Number of protein chains: 2
Amino acid sequence: MADAFMSDLAARAIAERLFFGYRAFTGDADRVLASRGLGRAHHRALYFIERAGSIPVHELLATLGITKQALTRVLRELMDAQLVERRRDPTDGRRGILTLTETGRALELSLLHAQRARIEVALAQAGPSGREAIHTFLEALMEPEDRGRIGLSL
Amino acid sequence: MADAFMSDLAARAIAERLFFGYRAFTGDADRVLASRGLGRAHHRALYFIERAGSIPVHELLATLGITKQALTRVLRELMDAQLVERRRDPTDGRRGILTLTETGRALELSLLHAQRARIEVALAQAGPSGREAIHTFLEALMEPEDRGRIGLSL
DNA sequence: TAGAAACGTCAACATGGCTGACGCATTTAT
DNA sequence: ATAAATGCGTCAGCCATGTTGACGTTTCTA
């Protein structure tokens, strides 16, 4: 009968590919960010604000999994750079709602496109029939509590 | 005719899954590391030393893509903790060769196993026919120069 | 109207990167 | 034989991004 666990070697094959693959993937955006004097933390905030259209601060905090102090610093820089705007939730004035400015949207899109090129090539290499397996695999890797934070597969 | 580029939405589907998936994957090891007073940087060094059996310092530097100053700090802590040993290359006394101690190997294995459980579940979800696509996709994501640093797929 | 909630901010600190500059042992080239 | 280059190891200072803890303010809610 088969082993209850996968071989260490099979686990290493995935672990290495994830490490190098993720590094290359983030590197594409890092180069664009560096030219604007921003870092990866700014990208993540821009990404999830744009993704949601507008997002309450508490939800962005939960998504990023960082403390409000860490986020505040990032948001202050993004607002100083006129990339993000904060307004109040009309139904609850204590809550803040974040949106991107036009400039912010343009930057977020250029960051996405820097990464899209690589994703496109990689998906093509894997073939059309592999796309579903790749989505399923990555989704299964995630913490269950994060699964509600992502968009649909197709 | 089809678009020359994939849709932004399709790129976002992958980008989000990579972000959350990679975070969960590293989180498994981070919890074990934290209980030993070590960080992710130590794990990466342990991983690639073990993977190679023994490895010259310059090769580990190239693999990790960090400066020797950053690595030295990590190696000093690993050697102080009796997890890593450094000896000289007999054919070129300037070069250092790194190996893990027995304790180091045990720790590296327990870190791998913490991550293996998650990988195993994710691969099972994707189904046996998806495995090749997942390997191909992640490998295609990598920088070409890193492709020689990974083990074979099967 | 008192208390809780949701921030925003300040301060101090940890981790893990970086650059620059030295020094030392060893190998290689002249 | 000696000079230069190589491969480290280390010190110092800095940056980016995270953490706790504490405090003040505004706004809801009981």
Side-chain angles (χ1 to χ4, degrees), chain A residues 19 22-23 26-27 29-49 54-81 84-99, chain B residues 19 22-23 26-27 29-49 54-81 84-99:
Chain A
F19 170 66
Y22 190 76
R23 186 169 78 180
T26 55
D30 288 346
R31 283 182 282 275
V32 179
L33 289 160
S35 71
R36 302 285 218 109
L38 298 172
R40 208 174 286 180
H42 303 100
H43 185 194
R44 291 197 283 257
L46 288 172
Y47 182 92
F48 286 109
I49 296 171
S54 73
I55 190 174
V57 171
H58 69 92
E59 194 181 321
L60 184 55
L61 280 174
T63 301
L64 296 175
I66 59 175
T67 59
K68 65 174 173 171
Q69 292 91 332
L71 180 59
T72 297
R73 190 155 50 195
V74 168
L75 285 181
R76 185 170 11 92
E77 288 159 353
L78 288 174
M79 291 190 293
D80 287 353
V84 166
E85 277 171 352
R86 175 157 48 193
R87 63 171 195 281
R88 290 193 168 179
D89 182 338
T91 75
D92 184 341
R94 292 170 301 183
R95 298 191 182 185
I97 304 232
L98 304 166
T99 50
Chain B
F19 171 67
Y22 190 75
R23 186 170 78 179
T26 54
D30 287 345
R31 282 182 282 276
V32 179
L33 289 160
S35 72
R36 301 285 219 109
L38 299 172
R40 209 174 286 181
H42 303 98
H43 184 193
R44 290 197 283 257
L46 289 172
Y47 182 92
F48 286 108
I49 297 170
S54 73
I55 190 172
V57 170
H58 69 93
E59 195 181 320
L60 184 55
L61 280 174
T63 301
L64 296 175
I66 59 175
T67 60
K68 66 174 172 171
Q69 293 88 333
L71 180 58
T72 296
R73 192 156 47 194
V74 168
L75 284 181
R76 189 173 5 94
E77 288 159 353
L78 288 173
M79 290 188 297
D80 287 352
V84 167
E85 275 171 355
R86 176 157 47 195
R87 63 172 196 277
R88 291 194 168 178
D89 181 337
T91 75
D92 185 340
R94 292 170 302 182
R95 299 191 182 184
I97 304 230
L98 304 166
T99 50

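Order of the sequence lines fixes the chain letters, A, B, ..., with proteins taken first and strands second; residue numbering starts at 1 for each chain. As the structure is a prediction and not an experimental result, all values here were calculated from the model.
- Each of C:dA25, D:dT20, C:dG8 was ranked by its minimum atom distance to the side chain of B:Arg88; first place goes to C:dA25.
- Nucleotide C:dA5 holds its C1' atom 9 Å from the CZ atom of A:Arg95, rounded to whole Å.
- Between the P atom of D:dG9 and the CG atom of B:Asp89 lies a distance of 12 Å, rounded to the nearest Å.
- Taking 4.0 angstrom as the limit, A:Arg87 places none of its side-chain polar atoms (N or O) nearer than this to OP1 or OP2 of C:dC7.
- Put simply, CD on A:Glu59 is 11 Å from P on C:dC7, counting in whole angstrom units.
- Between B:Ile55 atom CD1 and D:dC8 atom C1' the separation is 16 Å, expressed in whole Å.
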Tabulate below the donor-acceptor pairs under 3.5 Å that side-chain atoms of residues 29-44 of chain B make, not counting sequence neighbours, or state none.
unit_1: B:Asp30; atom_1: OD1; unit_2: B:Arg40; atom_2: NE; d: 3.3
unit_1: B:Asp30; atom_1: OD2; unit_2: B:Arg40; atom_2: NE; d: 3.3
unit_1: B:Asp30; atom_1: OD2; unit_2: B:Arg40; atom_2: NH2; d: 2.6
unit_1: B:Arg31; atom_1: NH2; unit_2: B:Asp28; atom_2: OD1; d: 2.8
unit_1: B:Ser35; atom_1: OG; unit_2: B:Val32; atom_2: O; d: 2.6
unit_1: B:His42; atom_1: ND1; unit_2: B:Gly39; atom_2: N; d: 2.8
unit_1: B:His42; atom_1: NE2; unit_2: B:Glu77; atom_2: OE1; d: 2.6

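- Each of B:Asp92 and A:Gly37 was assigned the nucleotide of DNA chain D with the nearest heavy atom; the assignment lying further toward the 5' end belongs to B:Asp92.
- Counting heavy atoms from C-beta on, the side chains of B:Arg87 and B:Thr99 come closer than 4.5 Å.
- Summary of the strand contacts: A:Glu77 and A:Pro90 both lie near DNA chain D, and taking for each the nucleotide with the nearest heavy atom, the more 5' one is attributed to A:Glu77.
- A:Leu75 and A:Ile49 get closest at one heavy-atom pair: CD2-CD1, 4.5 Å.
- Relative ring orientation between A:Phe48 and B:Phe19 is described as tilted, the plane-to-plane angle lying within the 30° to 60° band.
- Considering only side-chain N and O atoms, A:Thr67 lies nowhere under 4.0 angstrom from the phosphate OP1 or OP2 of D:dG18.
- Between the CD1 atom of A:Ile66 and the C1' atom of D:dT19 there is a distance of 11 Å, rounded to whole Å.
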Are there any protein N/O atoms within less than 3.5 Å of an N/O atom in nucleotides 20-24 of chain C, and if so, which ones and at what distance?
unit_1: C:dG20; atom_1: O6; unit_2: B:Gln69; atom_2: NE2; d: 2.9

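- Listed pair A:Thr72 / C:dT9 fails the phosphate criterion, with no side-chain N or O lying under 4.0 Å from OP1 or OP2.
- Considering only heavy atoms from C-beta on, B:His58 comes within 4.5 Å of B:Arg95 through its side chain.
- The CZ-P distance, from B:Arg23 to D:dT17, rounds to 16 Å in whole Å.
- Atom-to-atom, CZ of A:Arg36 to P of D:dA16 comes out at 17 Å; the value is rounded to the nearest Å.
- For C:dG8, the base has no donor-acceptor partner in the side chain of A:Arg73 [N/O atoms by modelled type, under 3.5 angstrom].
- Contact of B:Arg94 with D:dT6 (side chain to base): a donor-acceptor pair of N or O atoms is detected under 3.5 Å.
- A distance of 7.0 Å separates OG1 of A:Thr91 from CD1 of A:Ile97, quoted to the nearest 0.5 Å.
- Residue A:Leu75 contributes atom CG, which lies 15 Å from atom P of C:dC10 at whole-angstrom precision.
- Here A:Ala41 lies in heavy-atom contact (under 4.0 Å) with sugar-phosphate atoms only.
- Looking at B:Thr72, B:Thr67, B:Ile55, B:Leu71 one by one, the single match for side-chain contact (heavy atoms from CB on, under 4.5 Å) with B:Leu61 turns out to be B:Leu71.
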